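Keep in mind that this is a model prediction, so the values were computed, not measured.
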Amino acid sequence: MKKEEKEQKKSIGREILDWIVFIAVVLILSWFVVTFVGVRTVVEGQSMEPTLQDGNNLIVDKLSYRFRDPKRFEIIVFPYQYEENTYYIKRIIGLPGEMVQVKDGAVYIDGEKLDERYGAEPMESAGIAVEPIKLGDDEYFVLGDNRNHSSDSRDPSVGILKREDLLGRAWVRIYPFDEMGFVVHE
């Protein structure tokens, strides 16, 4: 009987150890995914309407920009520099090395009017972009789609984004369920 009790205790100990190892592996994998692959975020506000609505839940792809440069019109997520755990969601308009200006309510890149479907309504205020802005080698100019109701690169408190500031690109909308799917980029 003692031999059976010893084996039963050994079996219970082995079961507990297996669960501890399993939980540790799950935690390590979760940390890896959230740190390097993707993370969930929630859209707050109306700056990206009609593309994204207040309360939409998105998966942010943190992996792509490790292997390629961000592209014009991609929707990106970045931390707001003055408030911890606050993230902005905007569309990339200007790329490194370009000259960006907002005049007569439209966006101009290197002196040419940008042909875009997003943010089609004329901008009421050009903000800091009333004068041409020359982007550096690692700088991006972003705007919300709902330009007249958006805090974006025209506002000096958000400023021009550096590549290192980009958390990732908005990839998939996961909520609300009836709107699930890939986020429109182009």
Nearest heavy atoms of F73 and D115, plus distance in Å: CZ-O, 3.9 Å

Got a sec, which residues hit side-chain hydrogen bond (donor to acceptor under 3.5 Å, both in side chains) with N56, two or more places apart in sequence or on another chain? R173

Atom of R66, atom of K62 and distance for their closest heavy-atom approach: NE-O, 3.7 Å

Residues two or more places apart in sequence or in another chain: which of them pass side-chain contact (heavy atoms from CB on, under 4.5 Å) with L27? I23

Side-chain heavy atoms nearer than 4.5 Å, only ILVMFWY residues, links allowed to pass through others: does that put M99 and F141 together? no

Side-chain heavy-atom pair P96, E139 within 4.5 angstrom cut-off: no

List in chain and number order the residues that pass ring-ring contact (aromatic ring centres under 6.0 Å, His included) with F67, two or more places apart in sequence or in another chain; answer none if no residue qualifies. none

Which distance, rounded to the nearest 0.5 Å, do you find between the CG of L167 and the OG1 of T41? 7.5 Å

Hey, what do you get for OG1 (T51) to CG (D145), rounding to the nearest 0.5 Å? 3.5 Å

Side chain to side chain, Y140 and I160, heavy atoms closer than 4.5 Å: no

Rounded to the nearest 0.5 Å, what separation is found between the CG atom of L95 and the CD1 atom of I109? 7.5 Å

Set of residues satisfying side-chain hydrogen bond (donor to acceptor under 3.5 Å, both in side chains) with respect to D69, sequence neighbours excluded: R163

With W171 as reference, evaluate L58, D61, V60, L63 under the side-chain contact (heavy atoms from CB on, under 4.5 Å) test and give the passing residue. D61

Least distance between heavy atoms, K90 atom then G144 atom: CD-N, 3.7 Å

By side-chain hydrogen bond (donor to acceptor under 3.5 Å, both in side chains), which residues pair with Y87, not counting sequence neighbours? none

I need the minimum non-hydrogen distance between Y65 and G168, along with the two atoms involved. CE1-C, 4.0 Å

Can you pull out every salt bridge (Lys or Arg N to Asp or Glu O under 4.0 Å) where at least one residue sits in residues 13-22? Sequence neighbours excluded, please. R14-D18

Sorted by chain and number, sequence neighbours left out, salt bridge (Lys or Arg N to Asp or Glu O under 4.0 Å) with D138 holds for K162

With sequence neighbours left out, the residues meeting side-chain hydrogen bond (donor to acceptor under 3.5 Å, both in side chains) with N57 are R40

Let me confirm one number: the CG-CD1 distance from L52 to I89, rounded to the nearest 0.5 Å. 6.5 Å

Could you check whether any side-chain heavy atom of L166 comes within less than 4.5 Å of a side-chain heavy atom of L161, counting everything from C-beta outward? yes

Taking the hydrophobic residues Ile, Leu, Val, Met, Phe, Trp and Tyr, and joining any pair whose side-chain heavy atoms are under 4.5 Å apart, which ones share a cluster with I28? none

Straight-line distance of E49 CD to R147 CZ, nearest 0.5 Å: 14.0 Å

Nearest heavy-atom contact between A106 and M123 is C-CE, 4.3 Å

With a 4.5 Å cut-off on side-chain heavy atoms, are L114 and Y108 touching? no

Side-chain contact test, heavy atoms from C-beta onward, threshold under 4.5 Å: evaluate it for S64 versus R169 and give yes or no. yes

Nearest heavy atoms of P79 and D165, plus distance in Å: CD-O, 3.2 Å

I20: side-chain contact (heavy atoms from CB on, under 4.5 Å) partners, not counting sequence neighbours: I16

Side-chain contact, heavy-atom cut-off 4.5 Å: V142 with R91? no

Applying side-chain contact (heavy atoms from CB on, under 4.5 Å), can you list everything that pairs with E44, at least two apart in sequence or on another chain? D54

According to the side-chain hydrogen bond (donor to acceptor under 3.5 Å, both in side chains) rule, which pairs have a member within residues 97-106, sequence neighbours left out? R72-E98

